[in-house]
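Everything on this sheet refers to the single structure shown next.
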Amino acid sequence: SFYKDDVKALPALPGASPLPGAGNELKVGSKVEIVGSLTPGGHKGKRGEVTRFIDASNNPEVRLESGQLVSFYKDDVKALPDLGGPAASAELKIGSKVEIVGSMTPGGHKGKRGEITRFIDASNNPEVRLDSGQLVSFYKQDVKVAAPLGGLSTPGGSGLPAALKVGSKVEIVGSLTPGGHKGKRGEVTRFIDASNNPEVRLDSGQLVSFYKDDVKALPALPGASPLPGAGNELKVGSKVEIVGSLTPGGHKGKRGEVTRFIDASNNPEVRLESGQLVSFYKDDVKALPDLGGPAASAELKIGSKVEIVGSMTPGGHKGKRGEITRFIDASNNPEVRLDSGQLVSFYKQDVKVAAPLGGLSTPGGSGLPAALKVGSKVEIVGSLTPGGHKGKRGEVTRFIDASNNPEVRLDSGQLVSFYKDDV
């Protein structure tokens, strides 16, 4: 804030008149050059973009290339001419892959490539996300749609695009798309425009939008047919082994569980033992056989205390104990909460109900269980229940099954489900 006596209005320059048409040429979004020095700050020769007009005289505020916002006398500002007519940007659209071919836009971007994200004004000047990730607003005259490689996507031709679909395993075979991805592999996740240019999740996990001409669908192995019965054997929840190498990533020999099917060809997504989710060609995946019939899990039920007695389920759990929390499929393969707290889905053939201690809960006997009820204060007197709780005390919170095996809140606050013979 100044005393008015300290402030002097600058007169119009002797004989000067506004730049011809300056008031009309300037508009929000105009690319401009600073051509005068009436505005203090030494900005002559700099370039930028008009962001707004600050008063009724149409003096503009300009965002300079440096990012600085400066309010200028309109006589210091010259709009950079529009070098082309409407046809100049006819090909440009959101999602277009483009090359910067001119230098009217400040910043030295000529020769760079990127993708149009939006149009910033009624003149269809585009904002482009360059390969570096930088967002820059360009004059449309500086931007040219990058031409597709000749002949690869001819309508009605037998080129690569016909084979592409969501879920397709693909290899990057061209370099039209910037980024140096040639030779990489991945999977089509979606199509980004009406030209069916795909977005691909590369093996590294990176999502990249490609020209379809750069992308080749990996064919089924020459002469290969699906593993006998593979389509029928595989189902959600199936325990599987990776037996082929068509899917990139070096997963052969690993095991896991089918979580879903990713396309109409029944190519499965598998959760490997490591926890990694990978989409596989079905030809790479072999369902581990169901070794037993319905009788194998006749004794199993939710809440059963069980011991892991087999090794068909990957992970090295043989000898561990736990409790069945649910059945994961129509074959009654159980999910077990191990004593460690880990939840694991098992083949029912690997799981055996842990036998109760002989004779302790004989019907009509006079053992401890008859006295148990919710709220009872109890002592743990046996070791059938895993975890080393013998000698601890607590309170019965509920009964977990028809056999009246109790859940006990120990004095430590831990909730443990016990065999009634231990309590």
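Here the structure is a predicted model, which means the values were calculated and not measured.
Side chain of Arg255 to backbone of Thr313: no donor-acceptor contact under 3.5 angstrom is found. With hydrogens and angles ignored, the 3.5 Å screen pairs a side-chain donor or acceptor of Asn333 with a backbone N or O of Lys348.
Applying the side chain to side chain contact (heavy atoms under 4.5 Å, CB included) rule to Ser66 yields the partners Leu64, Gln68; only residues at least two apart in sequence or on another chain are considered. With sequence neighbours left out, the side chain to side chain contact (heavy atoms under 4.5 Å, CB included) criterion links Asp5 to no other residue.
In this structure, Lys235 and Val258 approach most closely via the heavy-atom pair O-CB, 3.4 Å. Shown here for Val236 and Arg260, the closest heavy-atom pair between the two residues is CG2-CA, 4.1 Å. Residues Lys318 and Ser311 share a closest heavy-atom pair of CD-OG, 3.5 Å.
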Would you list the atom pairs, donor with acceptor, under 3.5 Å between side chains in residues 126-133 and any protein atom, with sequence neighbours excluded?
unit_1: Glu127; atom_1: OE1; unit_2: Thr117; atom_2: OG1; d: 2.7
unit_1: Glu127; atom_1: OE1; unit_2: Arg118; atom_2: NE; d: 3.1
unit_1: Glu127; atom_1: OE2; unit_2: Arg118; atom_2: NE; d: 3.3
unit_1: Glu127; atom_1: OE2; unit_2: Arg118; atom_2: NH2; d: 3.3
unit_1: Ser132; atom_1: OG; unit_2: Gln134; atom_2: N; d: 3.4

Under 3.5 Å donor-acceptor pairs involving side-chain atoms of residues 239-250, not counting sequence neighbours:
unit_1: Lys239; atom_1: NZ; unit_2: Glu257; atom_2: OE1; d: 3.4
unit_1: Lys239; atom_1: NZ; unit_2: Ser345; atom_2: O; d: 2.3
unit_1: Thr247; atom_1: OG1; unit_2: Tyr281; atom_2: N; d: 2.9
unit_1: Thr247; atom_1: OG1; unit_2: Asp284; atom_2: OD2; d: 2.7

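Atom NE2 of His317 is separated from atom CE of Met312 by 13.5 Å, given to the nearest 0.5 angstrom. With rounding to the nearest 0.5 angstrom, the OG1 atom of Thr189 is 5.5 Å from the CG atom of Leu207. Atom CD of Glu115 is separated from atom CD1 of Ile94 by 10.0 Å, given to the nearest 0.5 angstrom.
Counting heavy atoms from C-beta outward, Ile324 and Leu300 have side chains that approach closer than 4.5 Å. Two residues are said to be in side-chain contact when any heavy atoms from C-beta on lie closer than 4.5 Å; Phe418 and Ile400 fail this criterion.
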If you apply the rule side-chain contact (heavy atoms from CB on, under 4.5 Å), what do you find for Val215 with Leu164, and how did you get there? CA-CA 8 Å; Val215 180; Leu164 297 181; 3.9 Å; yes

